[in-house]
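What you see is a predicted model; the values in this text were computed from it and never measured.
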Amino acid sequence: MGSCAHSHGRGAGTWHPAPTGVVSLLVLLVLLAGCAGAGDVEGGGTRPKAELAQEAEVAARNQAHAAPGRRGSTSAGPAASTTGPGRPETAGATTWDELAALDDPAADHGRGPAYADLSRVGLHESGGDLAVVVTLAGVVPARLADREVHGVGVDLFRSRSGESDYQVLLDGGRHGWRAFLRTPDGFVEFPGSFTVHGRDLRVVVPWSSVGGRADVEVSVFSDWSSGVGRLSADGTPRALVSPG
């Protein structure tokens, strides 16, 4: 697999055969776990636990039984359009209020492509929903090449633990993109939606699914691998987000 020039691994772990829906997620976690040593993303914060790979089977079963219209889109089409730099589009009477905007330095992600490099993260709310728009430095492929895997995660910290209490994970591979939600009780049926368009990954979840509408610390990571030895990792520091 080659050396790991940027060893942001998740620690040692094992996994079992899983449904096709989470194969690339498992590959991503195991691949990163195989690098030497566990590390932090740039700017601080611990990585998700490697044993979460085993729980991804639960996520696959949940998604298989998800209600129509509740699953994330794997399309990079116009439905995912945004207005302005990372701001969710206003649709009808729905207006999104910006809560925070986090900028990330350019080309600090290692040996990966531009679409593995975090550029900006915008957090917005409307009614009972939270939207996170992750903007990368390059156009995000709707489907990645064979063996290529890409994980973009939004960690939400509700306690003093070094581990996030909630995590939205967007898993990209040759199948396209899928979304997962981990809670303190493990993976659950994904309660929101997400879209891929241009350089943006946009995910919307109810506040209630990530601990409620209250102050929360948020960080974002982008882990990518070619599957043949090239790895990159990027991440933002934890930032306090306060709903209006």
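Scanning both residues, Asp146 and Arg174, for their nearest heavy atoms gives OD1-CD, 3.4 Å. The shortest non-hydrogen separation linking Arg199 to Val139 is CG-N, 3.8 Å. Looking at every heavy atom in both residues, Gly112 comes nearest to Ser232 through N-CB, 3.4 Å. Across all non-hydrogen atoms, the minimal contact from Asp215 to Ser242 is OD1-OG, 3.1 Å. Of all heavy-atom pairs spanning Pro105 and Asp117, the tightest one is O-OD1, 3.8 Å. Taking both residues in full, the closest heavy atoms of Pro206 and Pro191 are given as CD-O, 3.8 Å, listed atom of the first, atom of the second, then distance.
In this structure, OH on Tyr115 lies 10.5 Å from CG on Leu136, to the nearest 0.5 angstrom. Between the CG atom in Leu130 and the CG atom in Leu99 there is a gap of 7.0 Å [rounded to 0.5 Å]. With rounding to the nearest 0.5 Å, the separation of OG in Ser222 from CG in Leu201 is 8.5 Å. Here the straight-line distance linking atom CG of Asp108 with atom CG of Asp234 works out to 4.0 Å at 0.5 Å rounding. Note that the CD atom of Glu217 and the CZ atom of Arg158 stand 10.5 Å from one another [nearest 0.5 Å]. Interatomic distance, Ser219 OG to Gln167 CD, rounded to the nearest 0.5 Å: 9.0 Å.
Each of Val216, Val218, Leu181, Val154 was evaluated against Val210; a single residue qualifies, Leu181, per the side chain to side chain contact (heavy atoms under 4.5 Å, CB included) test.
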Practice prompt. Evaluate the criterion side-chain hydrogen bond (donor to acceptor under 3.5 Å, both in side chains) for residue pair Trp207 and Glu125; output intermediate values, then yes/no.
Written response: CA-CA 9 Å; Trp207 272 115; Glu125 71 169 352; 3.0 Å; yes
Worksheet item: Given the rule in the side chain to side chain contact (heavy atoms under 4.5 Å, CB included) test, do Leu170 and Phe194 qualify, once you have shown the distances and angles that lead to the verdict?
Response: CA-CA 9 Å; Leu170 303 180; Phe194 78 97; 4.0 Å; yes
Worksheet entry | Evaluation steps, side-chain hydrogen bond (donor to acceptor under 3.5 Å, both in side chains), between Arg182 and Ser164 | CA-CA 9 Å; Arg182 176 180 60 80; Ser164 60; 2.7 Å; yes
Practice prompt. Evaluate the criterion side chain to side chain contact (heavy atoms under 4.5 Å, CB included) for residue pair Phe187 and Phe180; output intermediate values, then yes/no.
Written response: CA-CA 7 Å; Phe187 282 104; Phe180 300 87; 3.8 Å; yes
Worksheet entry | Test log, rule side chain to side chain contact (heavy atoms under 4.5 Å, CB included), inputs Phe190 and Val205 | CA-CA 8 Å; Phe190 188 69; Val205 293; 4.0 Å; yes
Item to complete: List the steps, then state whether side chain to side chain contact (heavy atoms under 4.5 Å, CB included) holds for His124 with Val133.
Response: CA-CA 8 Å; His124 316 262; Val133 180; 4.2 Å; yes
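The aromatic ring centres of His150 and Trp177 sit less than 6.0 Å apart.
Judged by distance alone, with hydrogens and angles left aside, the side-chain atoms of Thr236 form a donor-acceptor pair with the main-chain N or O of Val220 at under 3.5 Å. The main-chain N or O of Ser159 is found under 3.5 Å from a side-chain atom of Asp165 such that the two form a donor-acceptor pair. Distance alone, capped at 3.5 Å, is enough to place a donor-acceptor pair between the Thr183 side chain and the Gly186 backbone. Between the side chain of Ser208 and the backbone N or O of Gly212, no donor-acceptor pair lies under 3.5 Å. With Thr135 contributing its side chain and Asp200 its backbone, the two residues share no donor-acceptor pair below 3.5 Å.
By the 4.5 Å heavy-atom criterion applied to side chains, Ser226 and Glu148 are not counted as neighbours. With a 4.5 Å cut-off on side-chain heavy atoms, Val228 and Arg230 do not count as touching.
Figure legend: cation-pi geometry between Arg238 and Phe157, with NZ or CZ positioned under 6.0 Å from the six-membered ring centre and within 45° of its axis.
Asp171 has no carboxylate O lying under 4.0 Å from a charged side-chain N of Arg178, or vice versa, which leaves the two without a salt bridge.
Taken together through direct or relayed side-chain contacts under 4.5 Å among Ile, Leu, Val, Met, Phe, Trp and Tyr, Val203 and Val241 form part of one hydrophobic cluster.
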